[in-house]
Amino acid sequence: VTRELTVGLDIGGTKTEALIVDRHDQALGHAVQPTITGGTDAMLDAIVETIHAALANSGEDAHHITSVGVGIPGRVLPETGEVQHAVNLGLKSYPLGRRLTERMNAPVFVENDVRVAAIGAYHFVREHEDISSMAYLGVGTGINAGLILDGKVYRGANGMAGEIGHMVVDENGVLCNCGQRGCLETVAGGPGITRQAINAGITDSRTTTHELIEMAQSGDERARLVMKRVMQHLARAVQVLILSYDVEKVMLGGGVTNAGDSFRDLLLAELGEMKQHSDLVRLMIPDHKIEVLPPGFNAGAHGAIRMAQEKAVALKNGAG
Ligand SMILES: [Zn+2]
């Protein structure tokens, strides 16, 4: 009996996580290693090395890998696995899918990291709730949404659907690296939150959003005001997603949401204020539509596995 292993890779700006499951979705091993960004050869070597570390962790053999799924920042052409404009990784254009297929001797499927995380979050929700539409709002260094509509990933005409981090929310705000001023992610993304905390006199640059939330809860007025502004903007982003797509669920994840339940409580409090004045908001955004991924759950790696399994089946059927 063949083992039929699937590898899920979540390639981030600083670290890469590899997760290996068997065909019953049983997790067998995993590994987390730094992402190497100084050139494509070194980066590819490091990715392969991370897969082998996960294999060693599982006690399995590379020959049993039947498919590999990859989530990576940037624009991805899923047909060819080409990655474009992955600024944080220093990639302008790189055929990652083809290169990794050569190295692993198995089909490799590549997709944008937020979209892959959306797939992972969608299947996480479907463990306890039968939904067919969902928006995943990834709040980390940047802010992006991944959309699942009628059970399928929605990419848009150019694979850019869900780039809501670059909605302008403050015309006089700080310059974003996209060229506009006051984009949502300059206010509610990780570095933006740190900047506002420092401006408010909270000078410890290590302060995470989790710590800011704890400071606010223990009565620090500066932290409370910073987080209130962040949550106001995230609440509006949630509202935009629900008004635009009428999804059954908005899942939030990413580094900024690491406080889990207390993050959700603050967000619901902001939405609660919006509901006081509006029957529409009350009707369209009940609390149960909003969830935050558990901090330990890597939606990217799980989503990459699910994507690879589905595409490998489609490939097999298409060829047969
Ligand atoms: Zn921007």
Side-chain angles (χ1 to χ4, degrees), residues 121 124-125 128-129 131 134-146 164-165 167-170 173 182-202 204 207-297 299:
F124 176 86
V125 173
H128 62 264
E129 207 174 327
I131 61 168
M134 190 203 75
Y136 169 76
L137 186 59
V139 191
T141 304
I143 297 179
N144 287 284
I164 67 168
M167 290 193 305
V168 174
V169 299
D170 177 5
C183 290
L184 174 63
E185 66 183 43
T186 68
V187 176
I193 296 172
T194 302
R195 188 196 69 247
Q196 292 167 94
I198 291 170
N199 289 346
I202 304 165
D204 187 344
T207 304
T208 64
T209 307
H210 194 159
E211 285 164 331
L212 278 175
I213 290 174
E214 284 174 350
M215 287 171 72
Q217 283 170 339
S218 60
D220 188 314
E221 186 61 9
R222 302 166 306 174
R224 192 188 69 78
L225 287 173
V226 169
M227 286 315 301
K228 180 161 183 61
R229 181 162 188 251
V230 169
M231 290 298 175
Q232 277 174 338
H233 286 288
L234 289 179
R236 285 180 200 150
V238 166
Q239 184 187 24
V240 165
L241 289 169
I242 290 178
L243 289 174
S244 302
Y245 299 103
D246 192 12
V247 285
E248 294 157 279
K249 184 78 74 182
V250 176
M251 285 296 284
L252 291 98
V256 167
T257 72
N258 269 346
D261 286 344
S262 34
F263 180 93
R264 180 172 182 266
D265 290 344
L266 284 181
L267 183 63
L268 290 183
E270 257 344 292
L271 287 164
E273 290 195 18
M274 290 159 66
K275 288 176 197 177
Q276 283 184 1
H277 314 290
S278 167
D279 287 338
L280 176 73
V281 178
R282 228 178 354 253
L283 180 72
M284 288 197 74
I285 319 182
D287 286 358
H288 69 81
K289 274 194 185 177
I290 315 297
E291 282 189 49
V292 176
L293 279 177
F297 180 76

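From a predicted model like this one, the values you see are computed outputs, not experimental measurements.
- Glu270 is linked by a side chain to side chain donor-acceptor pair (under 3.5 Å) to Lys228, counting only residues two or more places apart in sequence or in another chain.
- Heavy atoms only, all atoms of each residue included: Ala237 and Ile164 are closest at CB-CD1, 4.1 Å.
- Atoms CD1 and CG, on Ile202 and Leu225 in that order, are 9.0 Å from each other to the nearest 0.5 Å.
- Contact detail for Lys249 and Ile131: the closest heavy-atom pair is CB-CD1, 4.0 Å.
- A heavy-atom distance below 4.5 Å is not found between the side chains of Val230 and Leu266.
- The backbone N or O of Leu283 lies less than 3.5 Å from no partner atom in the side chain of Lys275, so there is not a single donor-acceptor pair.
- Side-chain N or O atoms of Arg264 include one that pairs as donor or acceptor with a backbone N or O of Ile290 at under 3.5 Å.
- Note that the CD1 atom of Ile193 and the OG1 atom of Thr209 stand 4.0 Å from one another [nearest 0.5 Å].
- In this structure, the side chains of Thr257 and Leu293 stay at 4.5 Å or more apart for every pair of heavy atoms.
- Looking at every heavy atom in both residues, Gly140 comes nearest to Pro191 through O-CD, 4.4 Å.
- Residue Leu184 holds its CG atom at 10.5 Å from CZ of Arg236, rounded to the nearest 0.5 Å.
- Considering only residues two or more places apart in sequence or on other chains, His128 meets the side-chain contact (heavy atoms from CB on, under 4.5 Å) condition with Phe124, Val125, Glu291.
- Of all heavy-atom pairs between Ala121 and Tyr136, the closest is CB-CD1, 3.8 Å.
- For residues 214-227, the side chain to side chain donor-acceptor pair (under 3.5 Å) pairs, not counting sequence neighbours, are His210-Glu214, Asp220-Arg222, Glu221-Arg224.
- The two atoms that bring Glu185 and Ile143 nearest to each other are OE1-N, 2.9 Å, heavy atoms only.
- For Lys289 against Val247, the heavy-atom pair with the smallest separation is NZ-O, 3.7 Å.
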